[in-house]
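This one's a predicted model, so the numbers in the text were calculated from it and none came from an experiment. All values below were derived from every heavy atom in this structure, side-chain atoms included, with hydrogens, water molecules and symmetry-related copies excluded.
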Amino acid sequence: MLPFRAPVDDILNSLHIAIEGHSIRDWDTDLIREIVTHFATFAQGVLAPINAIGDAQGVTLHNGRVTMPDGFKNAYDAYTQDGWPSLTIPEDFGGQGMSGFALSAISEIFSGANHSLQMVTGLVPGAARTLLEYGSDAQKELWLPRLASGEYLSTMCLTEPAAGSDLSRVTTVATHSDSGWRITGEKIYISGGDQDMSDGIFHLVLARTGDKASGIKGLSLFACETRQDTDTQGFTVTRIEDKMGLHASPTCQIAFDAVPAELIGTEGNGLKAM
């Protein structure tokens, strides 16, 4: 197998062509080059060497929780210590406040070096944007620093076994009581649905708060969490999808059984927020 080499010059040239003739706020060519070059070195030295190992070993499922292949937790620890999860999260929440240009460049390199691991880490920027747009101040203060530090990774839980791409058929429900919201249902194809690298996982879950006749207008967005050091409270991984070349990617089917959750945004606007 040929060793991975990040196409740094090609990426930087593509970015230059894309922005040529445009005024891009806070664009700094030298800084972008430095970021991309540093991540390329990290990808070649840390991420790429465990790619084949991860695909050969795959992820394992035991008692409803997932274990990653050898070397993946150490690689993730190095990734967080270097501050990469915080790249586009605002500085007010412990991030670096960089643009999507920087993120797109390192994501391209990450995917080439170790696509399985990139699929686990790559949902954090989207989760952060969702919180910034729709989360309450308290939710932002609670979750964004955890995502920025790498303490938490994230997922997006949309698809269901009986719904497929027709989200009007979603049957996962969220019920409210004096103790708050709880989610019950099943989701499939959840990238990074569980793993043993981060201390916790921030799950964004699309669930029904209106009746079935309301279709997608009855869907709301919720946040719930799982942690390594506590009881998962009704959260169970029931299977892992087998994907050729991505055996180290924990794409999970997840059962939610009255899992505690928090509403993100307002009821009925879940699909827009997701």
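- Evaluation of the side chain to side chain donor-acceptor pair (under 3.5 Å) rule for T60 yields no partner, not counting sequence neighbours.
- Side-chain polar atoms of T226 and H203 form a donor-acceptor pair below 3.5 angstrom.
- Using a distance-only test at 3.5 Å, with no hydrogens or angles considered, no donor-acceptor pair links the side chain of R169 to the main chain of A163.
- Side chain to side chain, S116 and S249 fail the donor-acceptor criterion of an N or O pair below 3.5 Å.
- Formation of a donor-acceptor pair under 3.5 Å by the S86 side chain with backbone atoms of I89 is not found in this model.
- Of all non-hydrogen atoms in P260 and C224, the two that sit nearest each other are O-CB, 3.2 Å.
- Taking all atoms of both residues into account, the shortest heavy-atom contact from I183 to A261 is CD1-CB, 3.6 Å.
- Pairs passing the salt bridge (charged side-chain N to carboxylate O under 4.0 Å, His left out) check and including a residue from residues 54-70, sequence neighbours excluded, read R65-D194.
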Are T184 and T175 close enough, and set up right, to give a side chain to side chain contact (heavy atoms under 4.5 Å, CB included), and what steps lead you there? CA-CA 8 Å; T184 298; T175 55; 5.9 Å; no
Do R33 and I11 pass the side chain to side chain contact (heavy atoms under 4.5 Å, CB included) test, and can you show the C-alpha distance, the side-chain angles, and the key distance before you say yes or no? CA-CA 10 Å; R33 175 176 290 278; I11 290 172; over 6 Å; no
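- Judged by distance alone, the side chain of E225 and the main-chain N or O of G200 form no donor-acceptor pair under 3.5 Å.
- Using modelled atom types, no side-chain atom of T88 and backbone atom of S99 make a donor-acceptor pair closer than 3.5 Å.
- The minimum heavy-atom distance between E186 and T172, with the atom names listed, is N-OG1, 3.4 Å.
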Apply side chain to side chain contact (heavy atoms under 4.5 Å, CB included) to M197 and Q228, showing your working. CA-CA 9 Å; M197 299 183 301; Q228 298 295 334; over 6 Å; no
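- Y189 belongs to a hydrophobic cluster with I188, counting contacts under 4.5 Å between side-chain heavy atoms of Ile, Leu, Val, Met, Phe, Trp and Tyr, direct or through other members.
- No hydrogens or angles considered: a donor-acceptor pair under 3.5 Å links the side chains of K243 and T251.
- Within the 3.5 Å criterion, the main-chain N or O of K272 finds no donor-acceptor partner in the side chain of N269.
- Using a 4.5 Å cut-off on side-chain heavy atoms (C-beta onward), I264 and F222 make no contact.
- Closest of all the heavy-atom pairs between F93 and A148 is O-CB, 3.7 Å.
- A donor-acceptor pair under 3.5 Å is absent between the side-chain atoms of Q81 and the main chain of A78, judged by distance alone.
- Counting heavy atoms from C-beta on, the side chains of V59 and F72 never come closer than 4.5 Å.
- Taking the six-membered ring where the residue is Trp, F39 and Y79 present perpendicular rings, their angle passing 60° and hence far from 30°.
- Remark: side-chain polar atoms of T80 are paired, donor with acceptor, to backbone N or O of D77 under 3.5 angstrom.
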Might you work through the side chain to side chain contact (heavy atoms under 4.5 Å, CB included) test for L158 and M274, ending with a clear yes or no? CA-CA 8 Å; L158 280 86; M274 180 69 92; 3.5 Å; yes
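- Counted by atom type alone, T130 and E133 present zero donor-acceptor pairs between their side chains at under 3.5 Å.
- The salt bridge (charged side-chain N to carboxylate O under 4.0 Å, His left out) pairs that include a residue from residues 81-104 number zero, where partners must be two or more places apart or lie in different chains.
- Within the structure, every pair that satisfies the ring pair (Phe, Tyr, Trp, His ring centres under 6.0 Å) test and touches residues 238-274, not counting sequence neighbours, is listed here: F235-F256.
- Both V66 and M156 sit in one connected hydrophobic cluster of ILVMFWY residues. Membership requires side-chain heavy atoms under 4.5 Å apart, directly or through other members.
- Here the shortest heavy-atom pairing between H115 and N51 reads N-OD1, 4.3 Å.
- Criterion: ILVMFWY side-chain heavy atoms under 4.5 Å apart, direct or through other members. Under it, I50 and M119 are not part of a common hydrophobic cluster.
- The two residues L117 and A75 make their nearest non-hydrogen contact at CD2-CB, 4.4 Å.
- The main-chain N or O of V170 is found under 3.5 Å from a side-chain atom of R208 such that the two form a donor-acceptor pair.
- Annotation: ring pair (Phe, Tyr, Trp, His ring centres under 6.0 Å) contacts involving residues 150-176, sequence neighbours excluded, comprise W143-Y152, H176-W181.
- No continuous path of ILVMFWY side-chain contacts below 4.5 Å connects L123 to L246, so the two sit in separate hydrophobic clusters.
- Judged by distance alone, the side chain of Q195 and the main-chain N or O of S198 form a donor-acceptor pair under 3.5 Å.
- No side-chain donor-acceptor contact under 3.5 Å links R239 to the backbone of C252.
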